[in-house]
Every structure is written in structure tokens, then in C-alpha cells.
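Reviewing the structure listed below.
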Amino acid sequence: MKFFHTADWHLGKLVQGVYMTEEQRFVLNQFLEAIDTEKPDAIIISGDLYDRAVPPTEAVNLLDKLLAEIVLKRHTPVLSIAGNHDSPGRLNFGSMLMKETGLHIVGQLNKELKPVILQDEFGEVHFHLIPYADPSQVRHLFDDETVTSHQEAMRRIVEEIEKELDSTKRHVFVGHAFVTPRGEQENNTSESERPLAIGGAEYVDAALFKRFHYTALGHLHQAHYVLNETIQYAGSPLKYSISEEHHKKGFYIVQLDQVGNVTLEKRLLKPNRDMRTVEGDMQDILQQNFSEDFVFVKLLDETPILSPMEQIRTVYPNAMHVERKAFQPIALSGEKGQIGRSKIDDFTLFQAFYTEISGKVPSEETEKIFKEVLQSLMMEEREGGIKS
């Protein structure tokens, strides 16, 4: 069986005040062309179809059109799950009806955990669609008080799947999580990845997926494998921050043979406009070739520059950010603050702020309260309770 593995489309993404919808349309049209050429048996989208729980109308229309092109016009099944940026309820709406057309979207975790079964010339392939779920949701769903972290939540989900796992069939796990080789802490692959939990409770051990012939993951924006090549992150199809400047964006073409052996091919997508860093003196930058790429400029001038963004946009009209040699933002669409602080996670930023204001480090109780409040806000935002 041949299928495409993609993830983290983040339709409706806003980068430095610029909506990326047209850029997303450009690369995803290439994805459609690849479907026409390769004629896969199925498409897997491993979560974060949208960038927010309440996406803009343009993003909803784009997803609607893309899914219609794949499922209705090309008659290719789509198997998708909700990620941590998606609203589970919105993606789950109409899922029973859409199954009849070949569109399988699981927005909310279901206790039954029934796989989607597709057939090829060698028999059945079972696709286990597991949407992102907070540990508290898994704890409540299975009435298991031991579930307090993402590792324990995923362990319980996999245990439930394995109770009914038919070892004579081929199995593909589709999930949205932060998976590392042994469940150890690792850095995000991009600044645009939202943390799944506060205080180091988001990491999942890749060994949990050893019973599956292929594990199709979403959440991390850089394509890579974890532990072995059968556990893969597809990465996002487009760069969503300058921290992704050197990522090779695309998707995987996955082939399962009759016994479940995996063959992978990485297929790259070419962006309409690249996202990259430009560095140099203002005089040198103004002599460069005109480009519509999204650029982040580092000025090396020792002396102050008058209206730097206006000057740079005569060469780079889509310039997103300008900073001085000392890495202080000097023109960023009205945004303020130190660039260093923009890269700090919310919890560390709180600790630094508390210490700066009070003159002492926060107590364990204070940190616990802050984590609980922040986790609650993250869940509320995902359900669409906070409009942005």
C-alpha cells in the first residue's frame, strides 16, 4: 500500500502580521499534483490542519477545497486527526457522514479506538487515528488516575489498542505528540511550535510504538525520524518562522509491502517565497537583487539607520523583521520588546518576571498555581474559548 504522510498545515497561519494562506495554497497545489502523479492509496494528515481553534474564513475555505479535490475528485481516502492547534469539536463535526465519502477525520478521542481499515492486494491495513488529547482528558475517558503526563496518556491509549491488535494485519499509528527516543526532554524544532504541557510533562517514549509497522506523527515542524525510520515526523509543508530557515519542507511517500516492511521517499515542496536571513551593512543590502522572499534582516552597521525597514523594503518588499548587530529589534510592525524574550517559553518568562518584580524566586506553590492557570488557558484556547 502506498500513502502520503503530511502534517502541520497550520492553515490560517499569521507570521509577523502576514497571513500565509496564499503561500500555503501554492505548496499544497503541488501536493495535489503529486497525488495525480503517484496515485497513492490514501493520504495521512497528522494533525494541526488549522493554526487556531477558530480559523479565519479563508483557511476554512482552503481546507474545504483541498479535501474536496482529494476525496471527491481524485477518490483518494484522507485519514486525519486533530492536533493541539485544532478545535476537536469543529473537526469532529459531520465525521460520521464524511466517512461515506472516504474522508476520515477524528477530532475527539473515543474510548472505543476503532481503526480505519483499508484494503490493498495483500489484505487489510489498519490505521489507528489518535488525535491530540490532554492527559486530563485521557484520565477521565479511561477513569485512570495514574495518567498525569503525556507519556502515561499515550501508554494507556496504546495499551487499549494492543488489546484488540490483530498481529496478522499491518498497522499504522497516526498521532500528534512530542515523541523522543526514550521519552527524554528535547528542544522544539521550531519557535512556532506551541508547547503541549508545562513543566516537562509533554514528552513521549518512542518505544511505545514498536508494535506498529509505521507511525505517522505530527507536531514538530522539522521532518525527522525518532528511534528508527518507521517512526516519522513529516514536518510542516511551509516555513512558519525564521527558526525553520534551514528545514527541507515536504512530505513522505510511504509504501508498505505485504508483511509491513516500510519504504520511504521524501518529496520536497517548493515555496512561492522563501523565508531566510539577510545580513550585512545597509549600503550592501540596498545593492542586492530585488526579491519577494520573506526576509529577516540583521544590520551590521555601527551607526544608527534612519527608517531601516522602509529602506530595506525597496529591495525586499516582504521583509518581516529588522534587527541591529546587537540583536535588538528596531522595526517589527509595531511590536516591542527584546528578541531574547520572544524565544523564552511562558513558564521561564514568568519566573524571570516574578524575580525581577519581587526580588526573589517564586515558591514551588506559586509555580504550581501558575502552571495550572497556564495549562487551563491553553486548553480553553484550543476549545475556541479565547478569540484571537
Side-chain angles (χ1 to χ4, degrees), residues 1 3 5 7 42 44-47 77 79-84 88 92 95 99 104-120 122-184 196-197 201-219 225-234 254 256-262 264:
M1 177 171 288
F3 56 86
H5 172 201
I44 290 176
I45 311 174
S46 299
L79 301 93
S80 183
I81 59 172
N84 59 302
N92 222 57
S95 58
K99 284 180 182 180
H104 305 270
I105 296 184
V106 179
Q108 294 172 323
L109 187 65
N110 190 299
K111 190 174 182 179
E112 294 183 358
L113 301 177
K114 296 294 184 183
V116 174
I117 300 175
L118 300 181
Q119 296 265 357
D120 65 5
F122 304 115
E124 296 180 354
V125 178
H126 293 214
F127 293 85
H128 304 271
L129 308 185
I130 306 301
Y132 172 78
D134 187 85
S136 63
Q137 296 170 312
V138 178
R139 181 168 62 249
H140 174 74
L141 189 64
F142 295 105
D143 192 22
D144 186 346
E145 293 301 317
T146 67
V147 175
T148 58
S149 68
H150 282 268
Q151 165 68 13
E152 291 156 358
M154 189 64 76
R155 173 192 54 78
R156 181 57 194 266
I157 290 169
V158 172
E159 285 178 354
E160 292 295 322
I161 292 174
E162 289 179 340
K163 289 178 182 178
E164 305 293 332
L165 200 70
D166 185 345
S167 59
T168 67
K169 310 300 182 184
R170 291 162 293 167
H171 297 271
V172 176
F173 185 96
V174 182
H176 195 90
F178 199 142
V179 179
T180 61
R182 290 168 293 278
E184 71 276 27
L196 299 179
E202 62 181 320
Y203 307 102
V204 172
D205 188 346
L208 290 175
F209 308 106
K210 61 185 178 182
R211 294 285 301 277
F212 302 97
H213 294 93
Y214 184 78
T215 299
L217 295 172
H219 177 57
Y225 71 85
V226 186
L227 202 60
N228 63 70
E229 291 191 353
T230 67
I231 304 173
Q232 290 279 354
Y233 279 98
V254 185
L256 286 181
D257 69 11
Q258 62 267 37
V259 295
N261 294 321
V262 173
L264 284 172

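Take H5 and apply the ring-ring contact (aromatic ring centres under 6.0 Å, His included) test, not counting sequence neighbours, and it matches Y214. Every ring-ring contact (aromatic ring centres under 6.0 Å, His included) that F209 has, sequence neighbours left out, goes to F173. Residues satisfying the ring-ring contact (aromatic ring centres under 6.0 Å, His included) criterion with Y233, sequence neighbours excluded, are H224. Checked against side chain to side chain contact (heavy atoms under 4.5 Å, CB included), E164 has no partners two or more places apart in sequence or in another chain. Evaluation of the side chain to side chain donor-acceptor pair (under 3.5 Å) rule for S167 yields no partner, not counting sequence neighbours. Residues passing the side chain to side chain contact (heavy atoms under 4.5 Å, CB included) test with T146 are D144, R155, sequence neighbours excluded. H126 is linked by a side chain to side chain donor-acceptor pair (under 3.5 Å) to E124, counting only residues two or more places apart in sequence or in another chain. Considering only residues two or more places apart in sequence or on other chains, N261 meets the side chain to side chain contact (heavy atoms under 4.5 Å, CB included) condition with D257, V259. Contacts of E184 classified as salt bridge (charged side-chain N to carboxylate O under 4.0 Å, His left out), with partners at least two apart in sequence or in another chain: R182. Taking the ring-ring contact (aromatic ring centres under 6.0 Å, His included) definition, one finds that H176 meets it with H219, sequence neighbours left out. In this view, K111 and L141, F142 satisfy the side chain to side chain contact (heavy atoms under 4.5 Å, CB included) rule, not counting sequence neighbours.
Summarising the local packing, CG of D166 is surrounded by more than 12 heavy atoms from other residues, nucleotides or ligands at distances under 6.0 Å.
For L217 against A7, the heavy-atom pair with the smallest separation is O-CB, 4.0 Å. Residues A82 and G107 come closest through the heavy atom pair CB-O, 3.5 Å.
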Output a table of donor-acceptor pairs, distance under 3.5 Å, between side-chain atoms of residues 113-120 and any protein atom two or more places apart or on a different chain; print 'none' if there are none.
{"residue": "D120", "atom": "OD1", "partner": "F122", "partner atom": "N", "Å": "2.8"}
{"residue": "D120", "atom": "OD1", "partner": "G123", "partner atom": "N", "Å": "3.1"}
{"residue": "D120", "atom": "OD1", "partner": "R170", "partner atom": "NH2", "Å": "2.7"}
{"residue": "D120", "atom": "OD2", "partner": "M1", "partner atom": "N", "Å": "3.1"}
{"residue": "D120", "atom": "OD2", "partner": "R170", "partner atom": "NH1", "Å": "3.0"}
{"residue": "D120", "atom": "OD2", "partner": "R170", "partner atom": "NH2", "Å": "3.3"}

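Of the candidates V172, T230, V158, V158 is the only one forming a side chain to side chain contact (heavy atoms under 4.5 Å, CB included) with F212.
Ion pairing of R156 with E152 is absent here, as no side-chain N (NZ or NE/NH1/NH2) approaches a carboxylate O to less than 4.0 Å.
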